[in-house]
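Residue numbers start at 1 and run along the sequence shown.
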Amino acid sequence: MTDTVQTQETTQLVDTYFEMWRATDDHGRAELVRRAFADGGRHVDPLADAIGHAELAGMLANVHGAYPGFTIERTTGIDQHGDQLRFGWRLDAADGTPVVVGLDVAELAADGRFARIASFWGDL
């Protein structure tokens with residue numbers, strides 16, 4: 001059974017996370033990374049393992065380079081158990097062609113930002 005307790009702070013954090021992915025300028029992206037991830041925060045997926053704000057911003061820049069004009073959106077609610085979260089998302093190319101769907105599993109740091117996100121792609 002899933003306990004879908006989510007707070008306004010959690011929703012704002014996840015919204016900031018998706019804004020971070022969409023940000024196209026380096027300065028704005030870096031600021032959103034700092035707002036979303038704790039110092040030393042980590043994001044790992046099948047193609048990247050980024051730790052810390054600089055690596056996270058670089059990872060995002062690489063995605064923008066590979067898929068210019070992409071769109072990304074959350075496709076599910078947010079499930080939360082204490083400091084653990086999960087939510088689904090979809091990334092489409094600029095022309096609307098689906099690129100990947102996924103599920104992120106996150107751990108919150110003591111300060112309320114992300115300590116870690118593991119991003120799983122495709123069907124379970």
*Asks:* Are Tyr67 and Leu32 linked, directly or through intermediate hydrophobic residues, by side-chain heavy-atom contacts shorter than 4.5 Å (ILVMFWY only)?
*Replies:*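 Yes: a chain of side-chain contacts under 4.5 Å links Leu32 to Tyr67.
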
*Asks:* Between the side chain of Thr97 and the main-chain N/O of Ala93, is any donor-acceptor distance below 3.5 Å?
*Replies:*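 Not confirmed, Thr97 side chain does not pair with Ala93 backbone.
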
*Asks:* Would you say the ring centers of Phe37 and His53 fall short of 6.0 Å from each other?
*Replies:*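 Between Phe37 and His53, the centre distance exceeds or equals 6.0 Å.
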
*Asks:* Would a distance-only check, ignoring hydrogens and angles, find a side-chain to backbone donor-acceptor pair under 3.5 Å from Arg29 to Ala23?
*Replies:*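 Checked: pair present.
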
*Asks:* For the residue pair Trp89 and Ser119, establish whether any side-chain heavy-atom pair is separated by less than 4.5 Å.
*Replies:*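 Side chain of Trp89 against side chain of Ser119, heavy atoms only: contact under 4.5 Å found.
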
*Asks:* Could you give me the CA-CA distance, side-chain angles and deciding distance for Ile78 and Arg74, then say whether side-chain contact (heavy atoms from CB on, under 4.5 Å) is met?
*Replies:* CA-CA 9 Å; Ile78 302 165; Arg74 183 165 51 94; 3.7 Å; yes

*Asks:* Got a donor-acceptor contact below 3.5 angstrom from the Thr76 side chain to the Gly88 backbone?
*Replies:*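 Judged by distance alone, yes, a pair lies under 3.5 Å.
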
*Asks:* Below 30° counts as parallel, above 60° as perpendicular, anything between as tilted: where do the rings of Tyr17 and Phe114 land?
*Replies:*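 Tyr17 and Phe114: perpendicular rings.
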
*Asks:* With a 6.0 Å cut-off on the ring centroids, do His43 and Trp21 count as close?
*Replies:*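 Centroid distance His43-Trp21: below 6.0 Å, so yes.
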
*Asks:* Do the side chains of Arg86 and Asp104 get nearer than 4.5 Å, heavy atoms only?
*Replies:*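 Answer no - side chains too far apart.
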
*Asks:* Determine whether Arg90 and Glu73 satisfy the following criterion, side-chain contact (heavy atoms from CB on, under 4.5 Å), listing intermediate values before the conclusion.
*Replies:* CA-CA 6 Å; Arg90 182 181 74 235; Glu73 65 181 356; 2.4 Å; yes

*Asks:* Answer yes if Ile72 and Val101 sit in the same cluster of Ile, Leu, Val, Met, Phe, Trp and Tyr residues linked by side chain heavy atoms under 4.5 Å apart, and no otherwise.
*Replies:*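 Different hydrophobic clusters.
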
*Asks:* Please check if the number of heavy atoms outside Arg116 that lie under 6.0 Å from its CZ is greater than 12.
*Replies:*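 Result for CZ/Arg116: open.
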
*Asks:* State plainly whether the residues Glu19 and Arg22 are in salt-bridge range, i.e. N to O under 4.0 Å.
*Replies:*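 Salt bridge absent between Glu19 and Arg22.
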
*Asks:* Can a donor-acceptor pair be found, under 3.5 Å and without considering hydrogens, that links the side chain of Gln80 to the backbone of Gly82?
*Replies:*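 Side chain of Gln80 to backbone of Gly82: a pair is present.
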
*Asks:* Give the C-alpha distance, both sets of side-chain angles, the deciding distance and a yes or no for side-chain contact (heavy atoms from CB on, under 4.5 Å) between Leu85 and Val105.
*Replies:* CA-CA 6 Å; Leu85 309 174; Val105 177; over 6 Å; no

*Asks:* Taking 4.0 angstrom as the limit, do Arg42 and Asp49 come out as a salt bridge?
*Replies:*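 Looking at Asp49 together with Arg42, the answer is yes, because their closest N to O distance falls below 4.0 Å.
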
*Asks:* Could you check whether atom CG of Asp123 has more than 12 heavy atoms from other residues, nucleotides or ligands sitting under 6.0 Å from it?
*Replies:*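 No, the 6.0 Å shell around CG holds no more than 12 heavy atoms from other groups.
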
*Asks:* Which of these passes side-chain contact (heavy atoms from CB on, under 4.5 Å) with Trp121: Leu47, Val99, Leu103?
*Replies:*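 That would be Leu47.
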
